[in-house]
Asker: 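Structure below; questions to follow.
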Amino acid sequence: MNTDSLILLPASEATGKFYKKEDDFIRVSNKIRKAWSAMGYEGDPIIDLAAAIQGMYLWAPE
């Protein structure tokens, strides 16, 4: 018996939406990286943006 075959389970609607949103995020992130790189930005703008959002959340007044 061949145990190397891949079994694909049917995707639920939620799974499909997740993958679409993930694809959208990757596509937009790549556009941001390209644009910022063209302007001479050094580093990863997506990581910097996520860190800034996290910092705002951590230091937000209660």
Side-chain angles (χ1 to χ4, degrees):
M1 176 162 42
N2 184 0
T3 59
D4 294 335
S5 61
L6 178 64
I7 298 172
L8 296 175
L9 300 174
S12 69
E13 185 177 340
T15 302
K17 287 181 180 180
F18 169 80
Y19 285 123
K20 175 161 180 3
K21 292 297 180 186
E22 182 182 46
D23 288 344
D24 290 346
F25 176 79
I26 292 169
R27 182 178 44 77
V28 170
S29 295
N30 288 335
K31 285 182 179 182
I32 292 169
R33 285 185 179 107
K34 286 179 186 177
W36 286 27
S37 178
M39 293 187 298
Y41 185 81
E42 295 179 9
D44 189 338
I46 305 305
I47 300 298
D48 294 345
L49 180 61
I53 291 169
Q54 182 182 24
M56 288 187 315
Y57 174 76
L58 289 173
W59 298 106
E62 293 185 23

Asker: Evaluate side chain to side chain contact (heavy atoms under 4.5 Å, CB included) for Trp36 paired with Ile46, printing each intermediate quantity in order.
Answerer: CA-CA 10 Å; Trp36 286 27; Ile46 305 305; over 6 Å; no
Asker: Hey, what do you get for CE (Met56) to CG (Leu58), rounding to the nearest 0.5 Å?
Answerer: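 Going from CE on Met56 over to CG on Leu58, the span is 10.5 Å.
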Asker: Flag yes if Ile53 and Ile47 sit in one hydrophobic cluster, no otherwise; membership is Ile, Leu, Val, Met, Phe, Trp, Tyr, and two members link when side-chain heavy atoms are under 4.5 Å apart.
Answerer: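 Different hydrophobic clusters.
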Asker: Under the rule for salt bridge (Lys or Arg N to Asp or Glu O under 4.0 Å), what residues qualify as partners of Asp44, not counting sequence neighbours?
Answerer: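 Result, salt bridge (Lys or Arg N to Asp or Glu O under 4.0 Å) vs Asp44: Arg33.
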Asker: Does Glu22, at its CD atom, have more than 12 non-hydrogen atoms belonging to other residues, nucleotides or ligands within less than 6.0 Å?
Answerer: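 Enclosed.
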Asker: Going by side-chain hydrogen bond (donor to acceptor under 3.5 Å, both in side chains), name the residues that satisfy it together with Asp48, two or more places apart in sequence or in a different chain.
Answerer: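 Listed in chain order: Tyr41.
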Asker: Salt bridge (Lys or Arg N to Asp or Glu O under 4.0 Å) between Lys20 and Asp24: does it pass, once the steps are laid out?
Answerer: CA-CA 6 Å; Lys20 175 161 180 3; Asp24 290 346; 3.2 Å; yes
